[in-house]
Amino acid sequence: MALTTNKAVLNWIDEMAAMTQPDQIVWIDGSDTQIEQLRAQACATGEMEKLNQQLLPDCYLHRTAVNDVARVEDRTFICCKKQEDAGPTNNWMDPEEMYAKLKKLYTGAMKGRTMYVIPYSMGVVGSPFAKYGIELTDSIYVVLNMAIMTRVGQAVADVIGDDFVKGLHAKADIDPENRYIVHFPEDNTIMSVNSGYGGNVLLGKKCFALRIASYLGKHQGWMAEHMLILGVENPQGEVRYLAAAFPSACGKTNLAMLIPPEHYRKKGWKVWCVGDDIAWLRVGPDGRLWAMNPEYGFFGVAPGTNEKSNPNALHSTRKGTIFTNVVHNLDDNTVWWEGLDKNPPEHAVDWKGNPWNGKVSTEKGAHPNSRFTAPAKNCPCISAEFENPAGVPISALVFGGRRAKTAPLVYQSRSWEHGVFVGSIMASETTAAATGAVGVVRRDPMAMLPFCGYHMADYWQHWLDMGKTLGDKAPKIFNVNWFRTDDEGHFIWPGFGDNLRVLEWILKRCFQEADAVETAIGYEPKAEDIDLEDSGVDLDTLKDLLGVDTALWQEEVKGIHEFYQKFGDKLPGELTRELDALEARLSK
Ligand code: GTP
Ligand code: SPV
Ligand code: MN
């Protein structure tokens, strides 16, 4: 039974069903009964395995195909009418041509299968900032993940209008040669075929909440960003918020739910998680920038998550969670991954589905991009503002990446325009979150390279325009790097909870409570102003971490010139001027 009488919705579903030809159509109402029944069905077919219900209630394990374990950036397209609107950093194809190509792949793709209709909301259902979508999929795994990552069901169907985002996903044959993740921003449409991996198929996430939403934001005067949102409560009980953009697998989930070092906890510092991956940002009635998290769960990287690095994430995964591509411990029917503890199971199955003995195997048991899908409400430090439709007011915007050298631990931009420049020149080592080489430094402006739904230079212009609207109420902009390494390749900064030491300075800067020193690249803390008590880091090491190597930065400038050339006439003049000014300061 359809959950709505909305003609636009029903006509589109009819059209998609005529093409994909499913045996039946099932609407997802979001009820516990239905979710439970779908879990049972997925276990019966082997699509999922039910884990130890004493230790991990309502938790399940899933393995994707071995050739389908990450986002596929080379097969991700932005199909707007004019190629120049997609820009030099996106794959593009003429929409007519792409629709025709996809039609062939979708025709009959759901024969013998069920088409699930998922009405979902990004944001609090019924709130002014929520946006709605419908995902059609032939995967129960997708349904169950969407029911964790977004708000789904009847309540959404009740309020959905004609401007919903249309999403069609078919597993087809999981054929990597015919895998396509395609966005038609001008039609509010997403089409995904031949994959079963999270970022390619949970269409509310990167596809809608970033690629389509960034396009909507440009036209409607708001922003969709690849950012965590975090509240830091100081000993006076005042909570200050920041949003931070780091590329995939560069520490958003970890920063979003960090546990303060003991010495901070004793003084009364607390941290509240509002979001770990995506922020929708708007100018509020008070003229400040407000951020809300459109998601409802966490799709987090499993490896490296442990009792010490991120206990809050670990606790979030102890109930109602789906684990993907981790190790299955057969002794107690639980899960394991590299970096969970020093006790890998002997009787286990690896992420590929093969027998695995962690005591002797030289191969990894979990895929480096294995993930957990956990309800946000499980998080012990979830913010009281998590369900506030307006979100939270942002004091600081933070950019960061993985850089073994060059980028210092932290610096502050000289102005909003300079901050946009700092975001635009972000570079980071690639990770296992996308297919392709790992550890290669690439430019990833604002951590949005794979997620910006239109021309990157127009996107920078939009940032500059937002700054003009915000005026002196604009958040301050910073850059951080937790990943500088020593000569042996070890991380110098302890990271994780200790990152609060840097956040303290950042937030104090936003309220004129901390000093700074000027460097060629921006403002840095005085080393003495970062609290190092019990950090294991001494003052000299911190000074090294804050060091700005002129020669390396002059190399960097060359790289930025090259990068900027791609954008031709569209590159905002402000950014060229910022680059020239940086070059001049470096040669002083
Ligand atoms: P996506 O979900 O792909 O967007 O990733 P993310 O940005 O949320 O990254 P996440 O927090 O899951 O961290 C990815 C990896 O970086 C994990 O292996 C972490 O253990 C590691 N990591 C996170 N924070 C730090 C840090 O402060 N220092 C170091 N050395 N590693 C970190
Ligand atoms: C990322 O890659 O940035 C993720 C995981 O958050 S995915 O949903 O696959 O995009
Ligand atoms: Mn992400």
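Whatever order the structure lists ligands and atoms in, that order sets their numbers, starting from 1.
- Using a 4.0 Å cut-off to heavy atoms of Asp277, the atoms of ligand 2 that qualify are 6 (O).
- Taking every heavy atom of Arg371 and a limit of under 4.0 angstrom, the matching atoms of ligand 1 come to 1 (P), 2 (O), 3 (O).
- Of the polar atoms of Trp482, none of the N or O atoms is found under 3.5 Å from an N or O of ligand 1, judged by distance alone.
- For His490, the heavy-atom gap to ligand 1 stays at 4.0 angstrom or more.
- Below 4.0 Å from some heavy atom of Ala433 lie the following atoms of ligand 2, by number and element: 2 (O).
- Tyr197 OH, 2.8 Å is the protein heavy atom nearest to atom 9 (O) of ligand 2.
- Crowding of Lys267 atom NZ: a count of heavy atoms from other residues, nucleotides or ligands under 6.0 Å exceeding 12.
- Where the criterion is an N or O separation shorter than 3.5 Å, residue side chain and backbone included, Asp276 fails it with respect to ligand 1.
- The Mn ion (ligand 3) does not have Lys252 among its coordinating residues (no N/O/S atom, backbone or side chain, under 2.8 Å).
- Under the 4.0 Å criterion applied to side-chain N and carboxylate O atoms, Glu295 and Arg151 are not assigned as salt-bridge partners.
- Neither the backbone nor the side chain of Arg71 comes within contact range of ligand 1; no heavy atom lies under 4.0 Å.
- Interface atoms of ligand 2 facing Lys205, defined by a heavy-atom separation under 4.0 Å, are 6 (O), 8 (O).
- The residues Glu233 and Arg240 are annotated as not salt-bridged, no charged nitrogen and carboxylate oxygen being separated by less than 4.0 angstrom.
- Proximity to Val301 (heavy-atom distance under 4.0 Å) selects the following atoms of ligand 1: 12 (O).
- The minimum distance between the Mn ion (ligand 3) and any N, O or S atom of Asp277 involves atom OD1.
- Close contacts of ligand 2 with Phe299, meaning ligand atoms under 4.0 Å from a residue heavy atom, involve 5 (C), 8 (O), 9 (O).
- Note on ligand 1: Pro494 sits outside its first shell, no heavy atom being nearer than 4.0 Å.
- Looking only at protein heavy atoms, the nearest one to atom 21 (C) of ligand 1 is Arg402 NH2, 4.0 Å.
- Close contacts between ligand 1 and Asp277 involve ligand atoms 4 (O) [criterion: under 4.0 Å to a heavy atom].
- Surrounding CD of Glu363 are at most 12 heavy atoms belonging to other residues, nucleotides or ligands under 6.0 Å away.
- With respect to Asp68 and Arg179, a salt bridge is recorded, a charged nitrogen being found less than 4.0 Å from a carboxylate O.
- Under a 4.0 angstrom heavy-atom cut-off, Pro303 registers as being in contact with ligand 1.
- Cation-pi contact between Arg211 and Phe451: absent, since separation from the ring centre below 6.0 Å together with deviation from the ring axis within 45° is not met.
- Within the 3.5 Å criterion, the main-chain N or O of Val327 finds no donor-acceptor partner in the side chain of Asp350.
- Under a 3.5 Å cut-off, the side chain of Asn325 and the backbone N or O of Thr64 do form a donor-acceptor pair.
- Atoms of ligand 1 found under 4.0 Å from any heavy atom of Pro247 (numbered from 1 in listed order, with element): 7 (O).
- Each of the following atoms of ligand 1 lies closer than 4.0 Å to a heavy atom of His226: 4 (O).
- Polar contact with ligand 1: present for Ala249 (N/O pair, distance under 3.5 Å).
- With hydrogens and angles ignored, the 3.5 Å screen pairs no side-chain donor or acceptor of His263 with any backbone N or O of Asp531.
- By the 4.0 Å heavy-atom criterion, Cys250 is counted among the residues contacting ligand 1.
- Among the atoms of Phe483, none of the N or O lies under 3.5 angstrom from an N or O of ligand 1.
- Residue contacts with ligand 1, taken as heavy atom pairs separated by less than 4.0 Å, involve Phe496 via backbone and side-chain atoms alike.
- Counting only distance, with no hydrogens or angles, the side chain of Arg75 and the backbone of Glu177 share a donor-acceptor pair below 3.5 Å.
- Salt-bridge annotation for Lys205 and Asp277: present, with a side-chain N of the basic residue lying under 4.0 Å from a carboxylate O of the acidic one.
- Here the options are Asp498, Thr485, Asn499, Thr541, the test is side chain to side chain donor-acceptor pair (under 3.5 Å), and the partner is Trp493; only Asn499 passes.
- The minimum heavy-atom distance between Cys379 and Met257, with the atom names listed, is SG-SD, 4.0 Å.
- Considering backbone and side-chain N/O atoms, Gly198 never comes within less than 3.5 Å of an N/O atom of ligand 2.
- A 4.5 Å side-chain heavy-atom check between His169 and Val193 finds every atom pair outside the cut-off.
- The closest donor-acceptor contact from the side chain of Asn369 to the backbone of Val69 lies under 3.5 Å.
- A side-chain donor-acceptor contact under 3.5 Å links Asn145 to the backbone of Tyr141.
- In terms of protein heavy-atom proximity, atom 19 (C) of ligand 1 is nearest to Asn254 ND2, 3.7 Å.
- Checking only distances, Gly251 does come within under 3.5 Å of ligand 1, N or O to N or O.
- Residue contacts with ligand 2 include His226, since one or more of its heavy atoms lies under 4.0 Å from the ligand.
- A salt bridge links Arg71 and Glu73; the closest N-O separation between the charged side-chain nitrogens and carboxylate oxygens is under 4.0 Å.
- Residue-ligand proximity, Phe491 to ligand 1, at heavy-atom distances under 4.0 Å covers atoms 30 (N).
- For atom 2 (O) of ligand 2, the nearest non-hydrogen atom from the set Gly204, Ala249, Ser248 comes from Ser248.
- With a 4.0 Å heavy-atom cut-off, ligand 1 is reached by the side chain of Asn499 but not by its N, CA, C or O.
- Looking from atom 4 (O) of ligand 1 to the surrounding protein, the closest heavy atom is Lys252 NZ, 2.8 Å.
- Gly199 CA, 3.6 Å is the protein heavy atom nearest to atom 7 (S) of ligand 2.
- Between Phe208 and Tyr120, the ring planes lie perpendicular to each other; the angle is over 60°, past the 30° to 60° tilted range.
- Ring geometry for Tyr296 versus Phe386: interplanar angle under 30°, hence parallel rather than tilted (30 to 60°).
- Considering Lys206, Arg71, Met149 only, the shortest heavy-atom separation from atom 6 (O) of ligand 2 involves Lys206.
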